[in-house]
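Worksheet: one structure, shown below.
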Amino acid sequence: MPVTINSQHHTAGLHSPMALTRQAGIGLIEILVTVLILGIGILGVASTQVVSLQMNTQSQSRSQAVLLAEDLLDRIRANPDNIGGYALAQGDAQGADGGACDTSFVPANGSVAANDVATWENNLACLLPDAERTVVIDGLNNTATVTIDWDQNDQAMNPIVVRTQI
């Protein structure tokens with residue numbers, strides 16, 4: 001027996017003009033929603049990257065401050081006969097000649113302690129702008145404490161304090 005296909009049912013499927021008009025714009029809306037979700041995801045990744053860069057910068061500055069404090073403590077240990085010459089009241093770090101950073105700084109042929117302090121303060125002014133420092137020498141307990149504070153762009157961050165037995 002021959003099989004007959006009803007042409008009316010065949011044309012009423014997905015390829016009919018009526019089905020195309022009902023679906024017009026659905027693909028465009030799906031693409032726009034996808035682009036919106038992708039854009040929000042990219043913004044989230046970008047903000048995470050910015051925070052990561054800020055944390056890396058703060059970490060580098062804190063490491064630099066610790067290394068500078070250790071440098072001065074090593075200078076004090078190397079000159080035990082004049083440890084009082086290393087005491088510094090709280091104040092701004094002074095670069096060369098009481099000014100800003102001088103990359104070609106040479107000490108002024110003072111005492112060893114004076115040259116050490118001048119060199120250290122210039123390094124501090126060069127590596128940590130707007131730094132404040134305090135060096136306390138306690139002759140009774142034979143200790144030295146170096147405190148370094150600088151503009152860390154975060155009020156919750158504490159200054160670096162390094163204390164050692166001389």
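Just so it is clear, the model here is predicted, and its values are computed rather than measured.
Although no hydrogens or angles enter the test, the distance criterion places a donor-acceptor pair under 3.5 Å between the side chain of Arg133 and the main chain of Ala89. A distance-only check finds a donor-acceptor pair linking the side chain of Thr57 to the backbone of Leu53 [under 3.5 Å]. Panel note: side chain Ser59, backbone Met55; no donor-acceptor pair is recorded below 3.5 Å.
To the nearest 0.5 Å, atom CG of residue Leu38 and atom CD1 of residue Ile31 are 12.5 Å apart. Rounding to the nearest 0.5 angstrom, the gap separating the OG1 atom in Thr34 from the CD1 atom in Ile29 is 11.5 Å. A distance of 7.5 Å separates CG of Leu127 from SG of Cys101, quoted to the nearest 0.5 Å. Interatomic distance, Phe105 CZ to Thr119 OG1, rounded to the nearest 0.5 Å: 4.5 Å. Interatomic distance, Leu88 CG to Leu124 CG, rounded to the nearest 0.5 Å: 10.0 Å. Rounded to the nearest 0.5 angstrom, Gln64 CD and Ile160 CD1 are separated by 11.0 Å.
With sequence neighbours excluded, no residue forms a side chain to side chain contact (heavy atoms under 4.5 Å, CB included) with Asp130. In terms of the side chain to side chain contact (heavy atoms under 4.5 Å, CB included) criterion, residue partners of Ser61 (sequence neighbours excluded) are, by chain and number, Leu128, Trp150.
The one candidate from Thr134, Val146, Asp149, Thr145 that meets the side-chain contact (heavy atoms from CB on, under 4.5 Å) condition with Val161 is Thr145. When each of Leu73, Leu68, Leu72 is checked for a side-chain contact (heavy atoms from CB on, under 4.5 Å) with Val162, only Leu73 meets the rule.
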Quick one: do Ile83 and Ile166 satisfy side-chain contact (heavy atoms from CB on, under 4.5 Å)? Show the steps, please.
CA-CA 9 Å; Ile83 62 172; Ile166 301 174; 4.2 Å; yes

Would Asp138 and Asn141 count as a side-chain hydrogen bond (donor to acceptor under 3.5 Å, both in side chains) if you check the C-alpha gap in whole Å, the side-chain angles of each, and the deciding distance to 0.1 Å?
CA-CA 6 Å; Asp138 183 357; Asn141 295 322; 2.8 Å; yes

Let's go through Arg75 and Asn79 carefully: what are the C-alpha distance in whole Å and the side-chain angles of both, what is the deciding distance for side-chain contact (heavy atoms from CB on, under 4.5 Å) to 0.1 Å, and is it a yes or a no?
CA-CA 6 Å; Arg75 290 171 188 262; Asn79 189 10; over 6 Å; no

Could you go step by step and tell me if Ser104 and Asp102 meet the side-chain hydrogen bond (donor to acceptor under 3.5 Å, both in side chains) rule?
CA-CA 5 Å; Ser104 60; Asp102 181 4; 3.0 Å; yes

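At most 12 heavy atoms of other shown residues, nucleotides or ligands fall within 6.0 angstrom of atom CZ in Arg163. A 6.0 Å sphere centred on CD of Glu70 holds more than 12 heavy atoms belonging to other residues, nucleotides or ligands.
Between Val35 and Ile37, every side-chain heavy-atom pair lies at or beyond the 4.5 Å cut-off.
Cluster membership check: Val66 shares its hydrophobic cluster with Tyr86, using side-chain heavy-atom separations under 4.5 Å among Ile, Leu, Val, Met, Phe, Trp and Tyr.
Contact detail for Ile148 and Pro159: the closest heavy-atom pair is O-CB, 3.3 Å. Between Ala108 and Asn115, the shortest heavy-atom distance links the atoms N-OD1, 3.7 Å. Minimum heavy-atom separation, Gln165 to Asn142: NE2-O, 3.5 Å.
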